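Since the structure comes first, as structure tokens, the remarks are kept for the end.
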Amino acid sequence: MATLSIVLPSYNEEQNIANTAKVLAELLQQEQIDYELIFVSDGSRDGTYQEILKAARQDARVKGAEFSRNFGKEASIFAGLQLAAGDAVIVMDCDLQHPPEVIPQMWKLWNEGYEVVEGIKTSRGKESFLHRCFAGGFYRIMSSLIKMDMNASSDYKLLDRKVVNVLLELPEKNTFFRALTFWAGFKTASVEYEVQERAYGESKWSFFSLMRYAVTNVTSFSTLPLQLVTVLGIIAILFSVILAVQTLVKYLTGTAVEGFTTVILLILIIGGFIMLSLGIIGHYLARIYEEVKGRPRYIISKVTDNITGNVIGSWKRQS
Ligand code: UDP
Ligand code: MG
């Protein structure tokens with residue numbers, strides 16, 4: 001019988017673990033789906049891991065790991081994918097904002113032969129105005145950069161074992177899970193869902209962490225900002241040709257005296273262009289530097305007893 005692994009990245013979610021494990025277990029038993037739940041605590045500073053241990057004691061199909069520190073949601077998703085043994089893997093938030101009722105639909109589509117089932121948001125749930133504006137802007141930019149509609153996509157999706165293996169074999173450390181499944185291709189279906197209110201606790205994203213997430217993802221997925229540098233250069237050259245002609249004409253007709261304003265403006269504009277360009281190049285340089293160091297994406301410090309093998313440390317499944 002086919003097994004379903006559910007990967008749940010959890011960061012400071014002590015209030016959610018027990019409830020989420022219970023809700024999912026009830027649903028999956030009722031649907032007669034053979035399952036395992038994998039909670040990956042992302043270096044939580046509250047009792048999240050203790051709660052995972054407790055849940056694992058009650059249900060042997062609950063597994064869990066703890067990171068040595070906070071490595072971010074992408075890292076916990078990928079650690080979960082590494083640990084998952086199922087024939088299909090669903091990734092979902094552990095705050096029940098991704099409604100579990102959609103799981104049977106995803107499972108059914110997988111049984112019909114679909115290899116990726118994307119969860120598509122019909123509404124974005126409750127968010128602050130500022131959050132909504134920035135998220136909207138970010139997704140518009142991302143969508144045009146990677147030429148796929150990202151606005152409604154989320155990290156809630158089902159992946160076939162084949163797709164999971166493809167993602168796990170990617171050598172890069174800076175990943176953007178949400179877009180990578182589009183990139184990977186495969187036979188894709190989608191299910192719609194409405195984002196729920198958080199069961200307990202509050203969102204882990206601060207404004208600053210969202211901005212960082214946005215910049216990292218854009219630079220990890222597209223080199224278009226680099227081409228922007230070329231565009232800026234072309235604009236500057238065109239501008240300087242016009243100014244050069246004007247300056248020469250003035251000089252030759254003997255009226256070239258008060259050119260000071262032009263000089264200041266030119267220095268400011270070109271200086272701005274150069275610094276912006278250096279910043280963009282710097283971002284890519286930073287990405288390359290991080291990738292070249294080849295450090296592990298996460299470090300696992302603890303796992304529940306039902307996870308076999310020596311997975312502590314920067315463990316990676318050997319294929
Ligand atoms: N999360 C994580 N590491 C982090 C931040 C968040 O694993 O550094 C998890 C979190 O526990 C939750 C999911 O990612 O299961 C989504 O986070 P959250 O609910 O805070 O984000 P939102 O739903 O507001 O986008
Ligand atoms: Mg949430």
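Start at 1 and go down the list; that is how both ligands and their atoms are numbered. This is a predicted model, so every value here is computed, not measured.
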Using a strict cut-off of 4.0 Å, indicate which atoms of ligand 1 neighbour a heavy atom of [X].
X     : value
Cys94 : 15 (O)
Asp95 : 19 (O), 23 (O)
Gly72 : 3 (N), 8 (O)
Asp93 : 13 (C), 15 (O), 16 (C), 23 (O)
Glu13 : 10 (C), 11 (O), 12 (C), 15 (O)
Ser76 : 7 (O)

Report the C-alpha separation of Leu167 and Thr175 in whole Å, then their side-chain angles, then the decisive distance to 0.1 Å, and conclude whether the side chain to side chain contact (heavy atoms under 4.5 Å, CB included) test is met. CA-CA 10 Å; Leu167 295 189; Thr175 48; over 6 Å; no

Mind checking whether [X] contacts ligand 1 via backbone (N, CA, C, O), side chain (CB onward), both or neither, at a 4.0 Å heavy-atom cut-off?
X     : value
Lys73 : both
Asn70 : side chain
Asp42 : side chain

List the atom pairs, donor and acceptor, that lie under 3.5 Å between side-chain atoms in residues 108-120 and the rest of the protein, sequence neighbours left out.
unit_1 : atom_1 : unit_2 : atom_2 : d
Lys108 : NZ     : Glu112 : OE2    : 3.4
Trp110 : NE1    : Asp160 : OD1    : 2.6
Asn111 : ND2    : Trp107 : O      : 3.1
Glu115 : OE1    : Lys187 : N      : 3.0
Glu115 : OE2    : Lys162 : NZ     : 3.1
Glu118 : OE1    : Lys157 : NZ     : 2.8
Glu118 : OE2    : Thr181 : OG1    : 2.9

So for atom OH, which belongs to Tyr284, do other residues, nucleotides or ligands contribute more than 12 heavy atoms lying within a distance under 6.0 Å?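 Above 12, so yes.
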
Heavy-atom side-chain proximity of Ser44 to Asn12 below 4.5 angstrom: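 Yes. Closest side-chain heavy atoms under 4.5 Å.
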
Give me each pair satisfying salt bridge (Lys or Arg N to Asp or Glu O under 4.0 Å) with a member in residues 71-93, each pair once, sequence neighbours excluded.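 Residue pairs passing salt bridge (Lys or Arg N to Asp or Glu O under 4.0 Å), neighbours aside: Lys73-Asp93, Lys73-Asp155.
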
Leaving waters out, which protein N, O or S atoms fall under 2.8 Å from the Mg ion (ligand 2)?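 Hits for the Mg ion (ligand 2) below 2.8 Å: Asp95 OD2, Gln97 OE1.
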
Heavy atoms only: give me the nearest Ser41-Glu66 pair and the separation to one decimal.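 In terms of heavy atoms, the two residues are closest at OG-OE1, 2.5 Å.
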
Calculate, to the nearest 0.5 Å, the distance between atoms OH and CD1 belonging to Tyr35 and Ile90 respectively.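 Those atoms lie 13.5 Å apart.
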
Working to the nearest 0.5 angstrom, can you tell me the gap between Ser10 OG and Asn16 CG?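 Rounded to the nearest 0.5 Å, the OG-CG separation comes to 8.5 Å.
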
With sequence neighbours excluded, what pairs up with Tyr156 under the ring-ring contact (aromatic ring centres under 6.0 Å, His included) test?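 Once residues adjacent in sequence are excluded, the partners of Tyr156 under the ring-ring contact (aromatic ring centres under 6.0 Å, His included) criterion are His98, Tyr193.
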
Are Lys63 and Glu36 ion-paired here, with the side-chain N under 4.0 Å from a carboxylate O?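 Yes, charged N to carboxylate O under 4.0 Å.
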
